[in-house]
Amino acid sequence: MRLHAIQTGSVRIKTAQVEGHGRGLRRRLGIFTDRNWTPWLPSYAWVIEHSEGVIVVDTGQGTHLLESATSMHPYVRWEVAFRIEREQEIGPQLRARGIGPRDVRRVVLTHLHCDHDGGLAHFPETEILVSRGELQAARGWMGRVRGYLPHRWPSWFDPVPLDLTAGPYGPFAASRRLTTAGDVVAVATPGHTRDHVSVVVEDQGTTFFLAGDTSYDERLMLAGRVDGVSADDDVAGATLRAIQHLANERPTVYLPTHDPESAARLERRSVVAPEVSPMCPEWTRR
Ligand SMILES: [Zn+2]
C-alpha cells in the first residue's frame, strides 16, 4: 500500500477559526470579529494506492473557489481566501502520478466543505461516499446558509450515503470498513461538522489517520482545543480525546487536511509522540 499527500492549493482563514476562544456561540462568532489571518495553509487530498484499488480521501480545492470573494455568503466572502491553479486540482495531479480518473475505485469525503469537495468534477465515474447526515446538512438552500456550496457540485453528483454501522473502532463509536482486508476504515469524528468522518489506514504496524478537519494541526489535537466552527464543544472535545486515545494505544501518524506538517509527517512516518499525548486511564483498551 502507498499513501500520497496531494496539495490542492492553499487557504487562509481567521485565527479564531483554527483555535476557538471561549465556548458555544461566542466561540463561533469569534471568527467574524477576528482581524487576524492565518498564513496560507495547504489543502491536502489523500490517495491510497491499495491492492483492492485506489481510494481518494477528499478532493481538495477547485479553481471555482477563486470566486469566493464575490459570494453573497458572509463567511465565504469575508472570512476565507483561496489560492489554486488549474494544474493544482486533484485530477491533473493524479494524472501526473500515472493515475487516471477511472483507476480510482472510490472517493470518500470527510465532509462537504468547499475545500474538500472542490475537486469532485474530476470523478464523474467513481463511486463517491459521503456520510448521510453530512449530505443532508449540505444540500439545498439550508446547506448554502450553513456555508456549503451545493450549487457548485457537478450536476451528476449523487453520492452513496456512508452509514457507519459497523460499531466501534478503537475509541471511535462508529465505523465502516472501506476495504475487504479491513485495513482502511471510516470512523465517526463528529465536531467540525456533526457528521464528519475520518479515514484510518493501517499499514505495516503504523496507523495513518486521515483526519479531515478534526483539528487544523497536531498541536491543537493534543491540546484538545476545539476549532471556531464546531457546533458543540463537548462533542468536538470528545473526538479530539478519542484521537489522543488512539495515538496512545498504537503508533499513529496524524494527518489533518490543513496542517503544514502533514506531508512531511507522512513522508517520515512520524508518529504522535506518546510522551506528549495525555494518558487517559479511564479508557479501557478494547
Ligand atoms: Zn471543513
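Both counts, for ligands and for their atoms, begin at 1 and track the order of listing. Positions are given from 1 along the sequence.
Taking the six-membered ring where tryptophan is involved, the planes of Tyr148 and His113 are tilted, since the angle between them lies from 30° to 60°.
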Side-chain donor-acceptor distances from residues 199-208 under 3.5 Å, at least two apart:
from, atom 1, to, atom 2, distance (Å)
Glu202, OE2, Tyr169, OH, 2.2
Thr207, OG1, Arg250, NH1, 3.4

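Ring pair His258/His116: centre-to-centre distance below 6.0 Å.
Nearby protein atoms of type N, O or S around the Zn ion (ligand 1) amount to 4 (distance under 2.8 Å).
For residues 123-133, the side-chain hydrogen bond (donor to acceptor under 3.5 Å, both in side chains) pairs, not counting sequence neighbours, are Arg102-Glu125, Arg106-Glu127, Arg132-Asp163.
Other residues, nucleotides and ligands contribute only 12 or fewer heavy atoms inside 6.0 Å of the CH2 atom of Trp78.
With sequence neighbours excluded, no residue satisfies salt bridge (Lys or Arg N to Asp or Glu O under 4.0 Å) with Glu267.
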